[in-house]
Engineer: 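The structure that follows is given in the form of C-alpha cells.
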Amino acid sequence: MRTPRKAATTSKLDSSPERPLVTNKRKRPSSTNQSTPTVQKTRTRRKEDEESEELDSDALDEESDDDDNRRKKKKPKTPRRKPTSTPKRKSRKSTREESDEDEDGEELELDEGQEIVGRVVKAPTTGLVPPGQISRNTLNFLNKLKDPECNDRQWFKLHEPVYRVAEKEWKDFIDSFTDVLIQVDPEIPPLPPKDVIHRIYRDIRFSNDKTPYKKGLSASFSRSGRKGIFAGYHVAIKPGNESMIAAGSWCPSRNELSTIRANIQRDPTRLRQIISSPEFEKYFGEAKPHPKGERRNIYGMEDELKTAPKGVDKTHKDIDLLKCRSFAVTYRFTDSEVLDPDFKHKIGSVAKIVQPFVHCLNDMMTVTADDEDDSGGDEQGDEEDEE
C-alpha cells in the first residue's frame, strides 16, 4: 500500500532549510549570572587563538619585523658622557726616567723610510761655572768642531744641547766683560750681548772651506756695536791656545782708508808714538815691519800692499804705514788663562793698553787733514785778530 500523500508533505517540511533555524534557536537568558559562563568561554577561545598565533612561525617573523621597524623609528639614546678630568702633568723626574728607558730599553718602532741617525747628547751637568767664566766643557765642544767629521750639520744637531749651554755661558761672559770694557773705554756703549756677539754659523758662499760652523766664539765692540765704520775691540775664545783680543780697524772702506792715509801723510807722529811705546811693544812686538814679512805690531797683515799705494812716492818716509790696508793688533791667551776665573780682567788690562790706539784711528778716519788745516788757520786768524 502506498503511503498517504499527507505524510509525504510532512517529510518535505522536515528536510526544508528553515528547520535548522528553528531547532538551533536558543532563548536569551534573562539573568546576568547565566551569561557569565558564555563570556568566559569566549575569552578562553580568544586566548587560545592568540597563543596559537604566537606559536605560529609566520606570526613570529612578522612580529620580529615589526619590532625592528619600531627600533629603527626610535631615536637612539645619547650615552651620558662621563665628566672628563684634566690629565695630570707628569713631573720632570718621571719624564726623564721615561726618556732614559727609551734610550736604554726597547728599540723604537720606525715607519717605512725612517732610520735612526744617532742619539741626542744631553747637556753637561758637571763642570759648570758661575756666570762670567769659561768652562772646560765649552772648550771641549769647540775643540770637536776642529774635526771635519764633527763640523757637520747632523753632528751639530745631535750635540745642540751641549752647544746651547756653551752659548749661554759665552753670553754671560760677554755681559760681564762689557762692564769691564766700559771702564777702560767710555766710548763703548753698554749694549746687550746679542748686539755684539757673532753667530757661530759661517758664510760659505764664497769660501773653499765648506764647513758650516766656526771653530770659536767671538764678539766685537765699537762705538756702534758689532757693526760700523769705527775702530774697536774683538774678543774670541778658541781652544788650542788661540783665544785672543784684537783691536783696531780691519779692512776699512775706501773713504775711511784714504782719510787715514791722508792724515798719515800730513802728520803720523801721534800714531807712531802709540805703537812704539814700550808697553805697546811688550804685547805686540816692535813697531817695525818684520824682515820676512811676518806678523808684528800693526805690520804683516795679509792684505798689506807690496808696493806704494797709488799717488804715493815709493821713497816716502812713512811708506811702511802707507802700505797698510788694515790697522790692527792681536794678543793671544792660553787655554789655562781662558779657564781662569779672572780672565775677563786680563782681557781688560790688554784693552787698556790698546785704547789710545783705537781712539787715534777713529780720529784719523773721521777728521780729514783739510779740516784740521782749516781749523788751524782759523785759530791762527783769531790770534792775529786778538793782537
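When a residue number appears, it is its place in the shown sequence, counting from 1. Since the model is a prediction, treat every value here as computed from it, not as a measurement.
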Engineer: Between D318 and P268 (side chain of the first, backbone of the second, donor and acceptor by atom type, cut-off under 3.5 Å), is there such a pair?
Structural biologist: no

Engineer: Using 30° and 60° as the class boundaries, would you call the ring planes of W155 and F141 parallel, tilted or perpendicular?
Structural biologist: parallel

Engineer: Report yes if the distance between the aromatic ring centroids of F173 and F343 is under 6.0 Å, otherwise no.
Structural biologist: yes

Engineer: Indicate whether any N or O donor in one side chain lies under 3.5 Å from an N or O acceptor in the other, for T211 and D209.
Structural biologist: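 A pair is found: one side chain offers a donor N or O, the other an acceptor, under 3.5 Å apart.
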
Engineer: Salt-bridge test for E294 and K292: reply yes if a basic N is under 4.0 Å from a carboxylate O, no otherwise.
Structural biologist: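 Salt bridge between E294 and K292, a charged N being under 4.0 Å from a carboxylate O: no.
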
Engineer: Any donor-acceptor pair under 3.5 Å linking the side chain of S326 with the backbone of A328?
Structural biologist: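 Not confirmed, S326 side chain does not pair with A328 backbone.
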
Engineer: Taking atom NZ of K314 and atom NZ of K323, what is their separation to the nearest 0.5 Å?
Structural biologist: 9.5 Å

Engineer: My understanding is that only residues two or more places apart in sequence, or in another chain, count here; which of them pass side chain to side chain contact (heavy atoms under 4.5 Å, CB included) with R270?
Structural biologist: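 R270 satisfies side chain to side chain contact (heavy atoms under 4.5 Å, CB included) with I274, H359, C360, D363 only.
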
Engineer: Could you measure the distance from the CD atom of E169 to the CD1 atom of I174? Nearest 0.5 Å is fine.
Structural biologist: 11.5 Å

Engineer: I'd like to know if E187 pairs up with R223 as an ion pair, taking the criterion as any Lys NZ or Arg NE/NH1/NH2 lying under 4.0 Å from an Asp or Glu carboxylate oxygen.
Structural biologist: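 Yes.
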
Engineer: Does K210, at its NZ atom, have more than 12 non-hydrogen atoms belonging to other residues, nucleotides or ligands within less than 6.0 Å?
Structural biologist: yes

Engineer: Hey, does the side chain of D335 reach the backbone of G240 with a donor-acceptor pair shorter than 3.5 angstrom?
Structural biologist: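 At least one qualifying donor-acceptor pair exists.
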
Engineer: Is it the case that more than 12 heavy atoms not belonging to K144 sit under 6.0 Å from its NZ atom?
Structural biologist: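 No, because the 6.0 Å sphere around NZ of K144 holds 12 heavy atoms or fewer from other groups.
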
Engineer: Parallel under 30°, tilted from 30 to 60°, perpendicular over 60°: which one fits the rings of F280 and F284?
Structural biologist: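 Plane angle between 30° and 60°, so tilted.
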
Engineer: Under a 4.0 Å threshold between the charged nitrogen and the carboxylate oxygen, would D172 count as salt-bridged to K168?
Structural biologist: yes

Engineer: Do the charged groups of D195 and R226 touch, with an N to O distance under 4.0 Å?
Structural biologist: no

Engineer: Using every non-hydrogen atom in the two residues, find where L322 and P309 come nearest and quote the distance to one decimal.
Structural biologist: O-CG, 3.6 Å

Engineer: Hey, are E160 and K157 close enough for a salt bridge, meaning a charged N less than 4.0 Å from a carboxylate O?
Structural biologist: yes

Engineer: Check whether R202 reaches the backbone of Y213 with its side chain - one donor and one acceptor, N or O, closer than 3.5 Å.
Structural biologist: no

Engineer: State the CG-CZ distance between D267 and R272, to the nearest 0.5 angstrom.
Structural biologist: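 Reported value, rounded in 0.5 Å steps: 10.5 Å.
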
Engineer: Any side-chain donor paired with an acceptor under 3.5 Å for D185 and Y233?
Structural biologist: yes

Engineer: Would you find a donor on one side and an acceptor on the other, under 3.5 Å apart, between the side chain of K214 and the backbone of R199?
Structural biologist: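 At least one qualifying donor-acceptor pair exists.
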
Engineer: In Å and rounded to the nearest 0.5 Å, what is the CG to OG1 distance from L128 to T125?
Structural biologist: 7.0 Å

Engineer: Are S220 and H234 close enough that a side-chain donor and a side-chain acceptor fall under 3.5 Å?
Structural biologist: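 Yes, because at least one side-chain N or O of S220 sits under 3.5 Å from a partner of the opposite role on H234.
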
Engineer: Measuring from L339:CG to T334:OG1, what's the distance to the nearest 0.5 Å?
Structural biologist: 8.5 Å

Engineer: Quick one: pull up CD1 in I182 and CG in L191 and give me the separation to the nearest 0.5 Å.
Structural biologist: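 The CG atom of L191 is 8.0 Å from CD1 of I182, to the nearest 0.5 Å.
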
